[in-house]
There are 2 protein chains.
Amino acid sequence: MTQEIGRRPNIYDVASAAGVSKSLVSLVLRGAPGVSPARRAAVEEAIERLNYRPSRAAATLAGNRSRTIGVVLDDYRNLWFVDLLAGLHNQLAPLGYRVAVADPSFNARLDRTPVDGLMSLRVDGIVIATEPTEEMFAAVDVPAVVAGNRDMAVPGADVVANDDMMGGRLATEHLIGLGHRDIGHVTGGGGAARLRALGYDAAMQARGLRPHIARGQGLTTESDGYEAALKLLDENPSLTAIFAANDTMALGAAGAARDRGRRIPEDLSLIGYDNSPLASANLLRLTTIDGRNAEVGAGAARALLDRSQDPATQVRTVLVEPELVIRTSTAAR
Amino acid sequence: MTQEIGRRPNIYDVASAAGVSKSLVSLVLRGAPGVSPARRAAVEEAIERLNYRPSRAAATLAGNRSRTIGVVLDDYRNLWFVDLLAGLHNQLAPLGYRVAVADPSFNARLDRTPVDGLMSLRVDGIVIATEPTEEMFAAVDVPAVVAGNRDMAVPGADVVANDDMMGGRLATEHLIGLGHRDIGHVTGGGGAARLRALGYDAAMQARGLRPHIARGQGLTTESDGYEAALKLLDENPSLTAIFAANDTMALGAAGAARDRGRRIPEDLSLIGYDNSPLASANLLRLTTIDGRNAEVGAGAARALLDRSQDPATQVRTVLVEPELVIRTSTAAR
DNA sequence: TTGAAAGCGCTAACAC
DNA sequence: GTGTTAGCGCTTTCAA
């Protein structure tokens, strides 16, 4: 053991411990074919014995690519992204790619936008899972895909999303199918909510029903849902059903219903959107629309890989079909 | 503009565009003092014009440190970590450090443990915000701190946590103070839950009250809380209050109460733990214990910085005092 | 199938 | 206050 104490082993240490050259070690690390089993075993044994971990910094620098995909997230509090990340990871991990998450609220002050941090990491692609800003996409110069429907288009970026308008229609038609006629909608800010509201509106109009839409002060939080639902219930006492733009707002709406003495589903049917962990909670057992975010994530990964192979690919939009998930927060009138 | 198209600008490009040497650029990047205002402005202008983003890979490799702190997270679904990250970030960002998150469920298959990935990133320190495993801390060779109380101790790592036992006592004493005598506790797996249960037990014993503890099949999820609370309510119909080991389990308990026809707080008082976003939802308005996770995060950051300055520092445990947050899920008997 | 050697873009120590 | 230079630990030709 000639290795100094305290120094981290590097590829040379492994190579000499295994009695091979460092290129050979590099090949083994990347699982390249055509390395003799004996040498491969020797290298693996040396890696294990020295507790060697390759430096990603060196690999990124030398290879001029990080094998990392960056994801720009909105807010950890809204759980819709969990399946998105899982879907991304499932596609990407087998190819040796990693996922790095950037939250706009963190690492601020170090970078002007979360994208800056990812560019400094030399990510090979970016998934924008938030409402994009001009500043943000000005900084991007790798393949990018926008996950989810947004108000603003990012030039040159593919879009992979669930079909929010169809989802809004599905939700509304479910309520209509249960016999409801006075159906309110609780909406918020952002492209997805806008489309869900359009779907709601289309379904109502198609049946000649009058739409009732309300929104809170902010975006799509629980308290926005609460506020908006109160407004709806107070202005339209005959309402028998509410469609909330997402599960978090539906939680708020459930609070409003409770505060107005309306039982769910006996007095008021409630449907959400996202099929987040919240929806399956026993207190809510919320009927909701599943945007199939894992498939959105997988689609985003594929779009990124396609585009990095051929940057000139036509920009496209991929829409995943949402599904109705029936629980017990909705009932026949 | 002699720069090739397509190539990313590097520090040389900036230097020559600004008419200075590359060390000067490096100094400006790190905000070093003692650079003349004129040259600093020239460098900043060049950075802006070329849209230059320094390569973190190169900086890490050359500087032999990444200025990044790694955080190992449990599960995105449980929101207790949100404030922890904020606290970490607030301490670290002014010093130019970044935070990288590793989720055990992601990036699996690439690494044996999430720690491997962070070591490959050459993080300067690690915050373990999950139940540690032997495999995990065998791989760590940078300063480490465990955030939160855990079953297993990590040798050489500081611990920063809220005082879960005191919190358990606080919660229980709040209920006792409201006149409750038949108080049940819903618990789960992990070190924090164990200590919270001890606090509950101590408070009950101190008043000569008989403890009733139940747990679900799994760890500390909503459905575990639901199951355990059902058990509690069915076996002890005289129960007038429940203390749940965290807010997520409290949500489950609220579902169980509803299913057994118990109104909160009229028929049953309910208290949670964590003061997560869930607790402030209007449907719950949950009285809870605030573990002050932002301060835990800040403490973890300080512990890491202290230890990297002097690795021989005595290992210590820092306990943050939890606080009772009263909402309307608890009421006098 | 394996080895040698040239960088990748930066930091830090030192010289001026 | 500013410039020069030697690596950091890898990947990637290219040759053997």
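Here is the naming used below: chain letters follow the sequence lines, and residue numbers restart at 1 for every chain.
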[X] side chain vs [Y] backbone, donor-acceptor pair below 3.5 Å:
X	Y	result
A/N162	A/V320	no
B/T130	B/L73	no
A/R307	A/T313	yes

Round to a whole Å and report the spacing from [atom1] of [X] to [atom2] of [N].
X	N	atom1	atom2	value
B/L50	C/dG9	CG	C1'	15 Å
B/Y12	C/dC10	OH	P	9 Å
B/R67	C/dC10	CZ	P	15 Å
A/L24	C/dG3	CG	C1'	8 Å
B/L27	C/dA13	CG	P	12 Å
A/I11	D/dT12	CD1	P	11 Å
A/R122	D/dT11	CZ	P	18 Å
B/L29	D/dT2	CG	P	15 Å

5' priority, DNA chain C, between B/A58 and A/V35 [closest heavy atom]: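 Nearer the 5' end of the strand: A/V35.
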Side-chain N or O of [X] closer than 4.0 Å to phosphate OP1/OP2 of [N]:
X	N	answer
B/S26	C/dT11	yes
B/S21	D/dG3	yes
A/T60	C/dC8	no
A/R53	D/dG9	no
A/R39	C/dT1	no

For the helix from C/dT1-D/dA16 to C/dC16-D/dG1, what angle separates the axis at the start from the axis at the finish, each from five pairs, in steps of 10°?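 It works out to 30° between the end axes.
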Indicate, with a heavy-atom threshold strictly under 4.0 Å, whether [X] touches base, sugar-phosphate, or nothing.
X	value
B/R56	nothing
A/S23	base
B/N64	nothing

Check whether the side chain of B/K22 and the base of C/dT11 form a donor-acceptor pair under 3.5 Å.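 When only heavy-atom distances are counted, B/K22 does reach the base of C/dT11 through a donor-acceptor pair under 3.5 Å.
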Quick check for you: among D/dC8, C/dC8, C/dC10, whose closest atom lies nearest to any side-chain atom of B/L61?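 Closest of the options to the side chain of B/L61: D/dC8.
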Identify whether the distance between the nearest side-chain nitrogen and carboxylate oxygen of A/R316 and A/D306 falls below 4.0 Å.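 Here A/R316 pairs with A/D306 in a salt bridge, since their nearest N and O are under 4.0 Å apart.
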Below 30° counts as parallel, above 60° as perpendicular, anything between as tilted: where do the rings of A/F81 and B/Y76 land?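 Rings of A/F81 and B/Y76: perpendicular, as their planes differ by over 60°.
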For B/V20 and A/R30, take the nucleotide of DNA chain D holding the closest heavy atom to each; which residue's nucleotide lies nearer the 5' end?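 Result: B/V20.
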When you compare the side chains of B/N51 and B/R53, does any donor N or O come within less than 3.5 Å of an acceptor on the partner?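 The answer is yes; a qualifying pair exists.
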Could you state the interatomic distance from CG (A/D13) to CZ (A/R49), rounded to the nearest 0.5 Å?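 Separation between the atoms: 11.0 Å.
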Testing A/L84, A/L79, A/N78, A/L85 one by one against A/V82 for a side chain to side chain contact (heavy atoms under 4.5 Å, CB included), which residue passes?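 Checked A/L84, A/L79, A/N78, A/L85 against A/V82; only one passes side chain to side chain contact (heavy atoms under 4.5 Å, CB included): A/L79.
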